[in-house]
Every structure is written in structure tokens, then in C-alpha cells.
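Reading through the C-alpha cells given below for one structure.
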Number of protein chains: 2
Amino acid sequence: MRAIDAKQSPDTRERILDAAEALFVEHGFEATSMRLITGRAGVNLAAINYHFGSKEALIQDVFRRRLTWLNEARLSALERFEKEAGGAPLKPHQIVEAFFGVSLRMAADTAHGGHTFMRLLGRTYTEPSAFVRQFLADEYAAVVPRFKQALFRALPDVPPEEILWRFHFMLGAMSYAIAGTDALQLVSGLELDEKDPEALSRRLMPFLLGGLRAPLAGPAAKTRNPRKAA
Amino acid sequence: MRAIDAKQSPDTRERILDAAEALFVEHGFEATSMRLITGRAGVNLAAINYHFGSKEALIQDVFRRRLTWLNEARLSALERFEKEAGGAPLKPHQIVEAFFGVSLRMAADTAHGGHTFMRLLGRTYTEPSAFVRQFLADEYAAVVPRFKQALFRALPDVPPEEILWRFHFMLGAMSYAIAGTDALQLVSGLELDEKDPEALSRRLMPFLLGGLRAPLAGPAAKTRNPRKAA
DNA sequence: GCTCGTTTCAAACGGACGTTTGAATGATAC
DNA sequence: GTATCATTCAAACGTCCGTTTGAAACGAGC
């Protein structure tokens, strides 16, 4: 009856994945109904449960389809730099390039859906749904420690905890820059130039490096007068 | 029958707003049912429609309750610096302090719900729902142009477009740092120290300033080999 | 041409959703 | 005590949700 683990019927499966990916970006997971997905994909409502098993499983497959490739690309970029360095610590800009540069290049690919997926991924970092969070944690388990270690070696004078915070901030700036394009208009009236998908990368990479290498704050916090919220 | 515009019944209204705020952060707008909200608030299901009119109106009131105050605090902080400067351009760190410092101080207020609200606000920047986006745009219309202009004056050597991008990146780093605490654990195993709510501010502000003042990229993009996504 | 496993399809399932209703309750003014 | 208002309450409304079902259509192997 069912063929949940099978690889058959490439057409229907791919059509569903494409439609779901686009609709998840547009409306979020909860607000995207299976009837909306199957309607856009031009397939029968029951096709999702037949091919994927459930809506949750579909969501996971939407991520798996591209995230595995993305993380492998990040790792191989890092390893290429490490081979070039021959045992010496990498430069910070190389590590940032390997992780964020690869991501931004995928986000610049509007032809094959990479752009849509990266918007979805950025949105999802703030998604509270438990099973999505767990899934992302598993997918990142292999790649994050490698980048952490590379950063520790590249910035021996910066406390490791500070590096982790800054990695977190960089991830946020990128995710938001990709996922929150509406907010960009809100703030500035700017719009992403579709003709030049590399523009974001050219703007963002210097910002990330500037933040990563910012001087450390002194031991005394420089906040002024803590104030209560209303 | 209805008293949608009235200010009566402070207790029920506030209980609903508090419960909704917390649950929206935890589950998102769509996944938070009115039965869940009223159950947590200890009020009758019909109370939301009676006091607010609809679920959408409740969502807007959850934001309005704190966002108006936040934006006024941002503006007054900016104006205080401008008065001190007496017509001279502000320092970048003052502008960043006025906008992001005020926000982070609200996010550090765990006692009066400011922390919960700032997490919700951060989440919402990537929320695609149309009416929420429009609402946020209206609320920010008065404050954003003021900060834009202050930044243009503070950084006369940086192209205005570049400044807008970097403001966008800073907003992303902060939103994500506040809203995506789960992702922080994912990346690093770090956890926010509840005992020291100022920690985030002390870490984030130098990062934001480092990114804002980062050297401009040369006219020639330094990307290497554009690659297609699978 | 028949068989068998895979895929598609229309229809229905129980349940949860946001909203509405009309009566009960409570408090205030006369 | 009675009238008047705002508020609370249990119950029900119609709709949409994710999922399941059983039959129809399809396609490859013999």
C-alpha cells in the first residue's frame, strides 16, 4: 500500500516538495494546509500522506532535501581552506566565507529554489515548533563543532564564549537578512535587486567580519541607567 | 452588548494579554488557539471576542500595549543625545545605544514581561502574516526615518544605501539574538544567564558597532566561484 | 491478456478552530 | 426592591484541518 521509504514517483514527490517549500515561506507551517499544497502542486490531497506519511514528515523532507547538501558544502569549503593552510590556523574571513559565503551563494540562486529554501531556513530559526527544532539540531550536529573549533584557533585572543556569541549574532544577521526582506522595505524602502543576487553577500560579509573582529568590551559594563519597562 | 473600545474590566483584559503574549512566543500566532489563551488566563472562551472583537485584534493589542512605549523610549533617547550634541552629528555608538540599547534593556526586563514581548517582536519580523506586517510598518513609521537621518549624519563617508543595509543587519542580529535563544543552544550549548540579563547587551553592542563601522568592500566583489545549488 | 504492485482519486472521518448566541450573573443608581 | 448596564458563561454554529478509506487507474513482467 504505502511506500514511505521508497524513491519512486519522482514527479509527484518533487512537485509536492516545491509547492510546500514555497508556501511554507509565504505562510508558515501551521497556516499552510495540505489542501493548499496539493492544490498548488496539482496532485491529489491524499498524495502527501501516501508519499511522505504525514505533514510533519513532509516538513522534514523539505528541509532534508537541501540542508544536507548545504552543510556538506559548508564543510567541504572549510576543509579546502584547512588543506590550503596546511595545519596553520585559518583566517577569520576564510571561516566566515566557508559558512556564510556558501549559504549566501545558495540564497542567491533564484533559479533552482535555493533562494526560497534559504528564506525558509532563516524563518525557521525562530520557529518554536519542537520537532523542527530537534530536526535542525540533528542536521547541524556534524558541522557546527567543526566551525567552532576553527574559530577558536583563528581567534586565540578572544574568549571562546565570546566567539560563540558572535557566531550566534552572525547567524542572526544573515538569517534575518535573507528571511526578513519585508522588514528591509519596512526600515528603508530598499528592495533586494533581483538582477544582482550577489548584492546581499557583498553587503553582508564585511558587516559580519566587522562584528566578529570588534574590540572586546571592557570588564565594566557601560550601560547607563537600567530602566523598568512600563 | 460589546465594549470593544472601552477601557473597562482591566483584570480580564490584562490576563488575556499576558497569556496571549506568552503563548504567541511559545507557539506562534496560528498555533495558539483562543481556547489555549483563555484557558491559561482563567477566563471564559468568549471573553476574547467580547473584549477585543477578534483574534486578529487581540494580536494587534498585544503589540500595541508595549510597542508604542518602546518606540517612544527609542525616540526620546535619540532626542536626548541630540540635545546634548547641540546640532553636531551624533556618534554612531549613541545612535546604536538609543535604538538597540533601549530595546535590549526592555528585553532584559524579565519581571514585567518585557523579555517575553521582545522575543515575540523578534519572531514577528520574519512573520509573513500580512496584517501583522502592515501593523508593524505603521508603528515604526514615526521612528525609523529619524534614526536613518541620524545615521546619515553620523557617517558622512558611508553611502546612505550601505547604512540602510547595515541598520537592517543590526536589526537582524538583535532580533535573532533575543528571539532565537533555542538556536543559541543549538549552535553552542550556551544558555542565557537569567541571573545576568544585561549579558546579552554587553555582548551584542560591540558586535553591532563593529559591523556598523566595518570597512567598505572594494568596488570589485571578492566572491570566488559562483556555484549552482543542487 | 492477465496479474500484481504502485499510484491516484473522490469521499468521508473525527476533531479543533474562531465566532456567535442567549441566558445567567454581577454591580450601580434610583 | 427594581431597573439598567456591563460582563461572564455554557453551548452551539459552520468551517477547515490532517488523516484514512476503498475503489479506480496505471504500468511492467510474463
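Residue numbers begin at 1 in each chain, while the letters A, B, ... track the order of the sequences. What you see is a predicted model, and the numbers here were worked out from it, not measured in a lab.
- Residues satisfying the salt bridge (charged side-chain N to carboxylate O under 4.0 Å, His left out) criterion with A:Arg74, sequence neighbours excluded, are absent altogether.
- Candidate nucleotides C:dA10, C:dT7, D:dT8 were compared by shortest atom distance to the side chain of A:Asn44, and C:dA10 ranks first.
- Atoms CG (A:Asp11) and P (D:dG27) sit 13 Å apart, rounded to a whole Å.
- Atom OH in A:Tyr50 sits about 16 Å away from atom P in D:dC26, given to the nearest Å.
- With sequence neighbours excluded, the residues that form a side chain to side chain donor-acceptor pair (under 3.5 Å) with B:Glu162 are A:Arg203, B:Arg166.
- Whole-Å rounding puts the A:Ile48 CD1 to C:dT8 P distance at 12 Å.
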> Between A:Met170 and A:Phe100, does a side chain to side chain contact (heavy atoms under 4.5 Å, CB included) hold up when you go through it step by step?
Replying inline: CA-CA 9 Å; A:Met170 290 191 287; A:Phe100 297 96; 3.5 Å; yes
Polar pairs (N or O, both sides) under 3.5 Å between protein and nucleotides 15-18 of chain D?
unit_1 : atom_1 : unit_2  : atom_2 : d
D:dC17 : OP1    : A:Ser33 : OG     : 3.1
D:dG18 : OP1    : A:Lys55 : NZ     : 2.6
D:dG18 : OP2    : A:Met34 : N      : 2.8
D:dG18 : N7     : A:Arg35 : NH1    : 2.8
D:dG18 : O6     : A:Arg35 : NH2    : 2.7

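- Residue pairs meeting the salt bridge (Lys or Arg N to Asp or Glu O under 4.0 Å) criterion with at least one partner in residues 28-57 of chain B, sequence neighbours excluded, are B:Glu26-B:Arg40.
- Taking the six-membered ring for Trp and the full ring otherwise, A:Phe169 and B:Tyr176 have centroids separated by 6.0 Å or more.
- Here B:Ser175 pairs with nothing under the side chain to side chain donor-acceptor pair (under 3.5 Å) rule; sequence neighbours left out.
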> Which dot-bracket string describes DNA chain D (Watson-Crick N1-N3 plus N6-O4 or O6-N4, or G-U N1-O2 and O6-N3, all under 3.5 Å; [ ] crossing; | other strand)?
Replying inline: ||.|||||||||||||||||||||||||||
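- Rounded to whole Å, the distance from CZ on A:Phe52 to C1' on C:dT7 is 14 Å.
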